Amino acid sequence: MSGARGSGARESRGQQSRAGGSGARTAEGTAGERFGLTAFAGRIADRAGTDEDTALRDAAAVMEVLDAALAPELTERMAGALPADIRELLPLERASEADD
């Protein structure tokens, strides 16, 4: 049953991409959805069952862990793909480097 659900989700994304949706291209060439910090915080809060302020703190903590775990060039690549307002969740030195 979950396989059918998953294939439907893939089909929907493909249809949105072909229909010229507002998706951004990822490194793999698949379409991704663009949204700002407010929508990002709302999505995290909904999924975590928390408020948006806590969701943003949690997201910033995840960004710090990623920054520490990834090679600098991968973190820079990730930062470059993020909208400016979401990029501000990165540790300060990374967020300012990506703005250059």
Side-chain angles (χ1 to χ4, degrees):
M1 180 176 254
S2 66
R5 182 174 170 230
S7 67
R10 280 192 299 273
E11 199 172 291
S12 294
R13 281 192 299 262
Q15 289 169 348
Q16 289 172 345
S17 177
R18 286 189 296 276
S22 63
R25 291 275 167 209
T26 63
E28 293 79 30
T30 59
E33 186 179 351
R34 284 279 213 202
F35 47 84
L37 185 62
T38 302
F40 184 64
R43 288 173 181 223
I44 294 169
D46 286 345
R47 290 181 181 153
T50 190
D51 61 83
E52 290 183 6
D53 290 333
T54 301
L56 287 173
R57 281 194 303 274
D58 292 349
V62 169
M63 295 289 195
E64 282 191 47
V65 170
L66 284 171
D67 182 57
L70 294 174
E73 51 276 354
L74 290 176
T75 304
E76 290 168 16
R77 187 172 172 190
M78 176 184 69
L82 294 171
D85 55 352
I86 296 175
R87 191 169 46 234
E88 290 180 17
L89 295 174
L90 289 168
L92 289 176
E93 61 277 358
R94 288 281 186 214
S96 63
E97 286 175 11
D99 286 336
D100 295 339

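Keep in mind it's a predicted model, so treat the numbers as computed, not measured.
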Next item on the list: Quick one: closest heavy-atom pair of Leu90 and Met78, and the distance?
Entry: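 Result for this residue pair: CD2-CE, 3.7 Å.
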
Notebook entry, point to check: From Asp67 CG over to Leu74 CG, what is the distance, rounded to the nearest 0.5 angstrom?
Noted result: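 Reported to 0.5 Å precision, the distance equals 11.0 Å.
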
Item checked: Residue pairs fulfilling salt bridge (Lys or Arg N to Asp or Glu O under 4.0 Å) with at least one residue in residues 35-51, sequence neighbours excluded ->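 Qualifying pairs, neighbours excluded: Glu33-Arg43.
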
Item checked: Step-by-step side-chain contact (heavy atoms from CB on, under 4.5 Å) determination, Arg77 to Leu70 -> CA-CA 11 Å; Arg77 187 172 172 190; Leu70 294 174; over 6 Å; no

Cut-off 3.5 Å, no hydrogens considered: what does the side-chain donor-acceptor table look like for residues 55-63, sequence neighbours left out?
unit_1: Arg57; atom_1: NH2; unit_2: Thr54; atom_2: OG1; d: 3.1

Margin query: Working note: Phe40 + Asp85, criterion side-chain contact (heavy atoms from CB on, under 4.5 Å); need CA distance, chi angles, decisive distance, verdict.
Written below: CA-CA 10 Å; Phe40 184 64; Asp85 55 352; over 6 Å; no

Note to self: Restricting to side-chain contact (heavy atoms from CB on, under 4.5 Å), what partner residues turn up for Glu64, sequence neighbours left out?
What the structure shows: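 Expected list: Pro91.
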
